[in-house]
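Nothing fancy with the numbering, it's 1 onward along the sequence.
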Amino acid sequence: MPQKLQYIHITCTEQEVVMATWKNDPDHSHMGFVVRHLMITDINGRFADVDIDVDVPGDNLGEAVFSMTAKAASIDTHVNARDEHLRSPDFFDVVEHPVLTFQSTEVRLGADKTGTISGILDMHGVSREVIFAIKASDRITNPINNKETQSFSITGEVNRSDFGIGPNIPAAIVSDRVWVAANFEVSPV
């Protein structure tokens, strides 16, 4: 007796991954930097006007895309005369280059939620690929606003000369190496 063939029909459907946009809470966000002055002391500064979006597919932070923008004119080192000099064409030239941006291209996080974030930093009209360290917190429900909340810390260093910032200022006066740190909370929009 011939064997009867059975056909099994399998329907494959793509599971739609929902991309959620999370925005930073300005009151709990800081984008700062540290430079060495006269090879003696560290000077801290920040950009006061910062906008950060994190587009997250579900819970997969490895597929997240970070977009950060800072208004160059919002630079603040707690010394008005220094801030005005930093806004001038000698440094950031905020009239010609009003914003600094970072757009991530890859996020690698381990089980401990630490890793690296790669992306394009655009500053002073120059775009360069950079790699920073990243650390993520656990997601919690914020007890104040009942929104799901997560924080991130991104740290690393860049050379200001790579971006044409302060080309006539010797590194002995203001270090070429600049340490950067962004610490921020985000919640879904």
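Criterion: ILVMFWY side-chain heavy atoms under 4.5 Å apart, direct or through other members. Under it, Ile169 and Ile75 are part of a common hydrophobic cluster. Residues Val65 and Phe152 do not share a hydrophobic cluster, defined by chaining ILVMFWY side chains whose heavy atoms lie under 4.5 Å apart. By the rule that hydrophobic residues join a cluster once side-chain heavy atoms approach within less than 4.5 Å of another member, Ile173 and Val35 end up as members of one cluster. Linking ILVMFWY side-chain heavy atoms closer than 4.5 Å, directly or via other members, places Val99 and Val94 in two distinct hydrophobic clusters. Both Leu38 and Ile43 belong to a single network of hydrophobic side chains, linked directly or stepwise wherever heavy atoms of I, L, V, M, F, W or Y lie under 4.5 Å apart.
Summarising the local packing, CD1 of Ile131 is surrounded by 12 or fewer heavy atoms from other residues, nucleotides or ligands at distances under 6.0 Å.
Side-chain contact check for Val158 versus Arg128: every heavy-atom pair is 4.5 Å or farther apart. Considering only heavy atoms from C-beta on, Leu100 stays 4.5 Å or farther from Met68 through its side chain. In this structure the side chain of Asp83 never reaches within 4.5 angstrom of the side chain of His78, judged on heavy atoms. The closest side-chain heavy-atom distance from Phe163 to Leu121 is below 4.5 Å. Annotation: side chain of Val126 is not in contact with side chain of Asp162 (no heavy-atom distance under 4.5 Å). Residues His124 and Asp93 meet the side-chain proximity criterion, which asks for heavy atoms closer than 4.5 Å.
Under 3.5 Å, the side chains of Thr101 and Thr69 contain no donor-acceptor pair of N or O atoms.
Taking the six-membered ring for Trp and thresholds of 30 and 60 degrees, Phe47 and Phe33 have ring planes inclined between 30 and 60 degrees apart. Ring planes of Phe102 and Phe132: tilted class, angle from 30 to 60°.
Here the closest heavy-atom approach between residue Ala136 and residue Leu61 is recorded as CB-CD1, 4.0 Å. Looking at every heavy atom in both residues, Ala64 comes nearest to Ser104 through O-OG, 4.0 Å. Closest non-hydrogen pair, Ala133 versus Ile117, comes out as O-CG2, 4.5 Å. Between Gln103 and Ser67, the shortest heavy-atom distance links the atoms OE1-OG, 2.9 Å. When all heavy atoms of Asn142 and Asn145 are compared, the closest pair comes out as CB-OD1, 3.1 Å. Of all heavy-atom pairs spanning Leu86 and Phe91, the tightest one is O-CB, 3.3 Å.
Once rounded to the nearest 0.5 Å, the distance linking OG of Ser29 with CG of Asn24 reads 4.0 Å. The line from CG of Asn44 to CG of Asp76 is 11.0 Å long, rounded to the nearest 0.5 Å. For the atom pair CD1 (Ile154) and CZ (Phe66), the distance works out to 5.5 Å, reported to the nearest 0.5 Å. Between Leu109 atom CG and Thr116 atom OG1 the span is 8.0 Å, to the nearest 0.5 Å.
Asp51 has a carboxylate O that lies under 4.0 Å from a charged side-chain N of Lys23, or vice versa, which qualifies the two as a salt bridge.
Looking only at distances, a side-chain donor or acceptor of Ser187 sits under 3.5 Å from a matching main-chain atom of Glu148.
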When the side chains of residues 174-184 are checked against the rest of the protein, which donor-acceptor pairs come out under 3.5 Å, sequence neighbours left out?
from, atom 1, to, atom 2, distance (Å)
Ser175, OG, Arg36, N, 3.0
Ser175, OG, Arg177, O, 2.8
Asp176, OD1, Arg160, N, 3.4
Asp176, OD1, Ser161, N, 2.8
Asp176, OD1, Ser161, OG, 3.0
Asp176, OD2, Ser161, OG, 2.9
Arg177, NE, Glu157, OE2, 3.4
Trp179, NE1, Glu157, OE1, 3.2
Asn183, OD1, Ser153, OG, 2.8

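Of the candidates Glu185, His28, Lys135, Ser151 forms a side chain to side chain contact (heavy atoms under 4.5 Å, CB included) with just one, namely Glu185.
Remark: Gln150 pairs with Arg139 by the side chain to side chain donor-acceptor pair (under 3.5 Å) rule, at least two apart or across chains. Under the rule for a side chain to side chain donor-acceptor pair (under 3.5 Å), Thr105 has no partner lying at least two apart in sequence or in another chain.
In summary, the aromatic rings of Phe92 and His97 are positioned with their centroids too far apart to meet the 6.0 Å limit.
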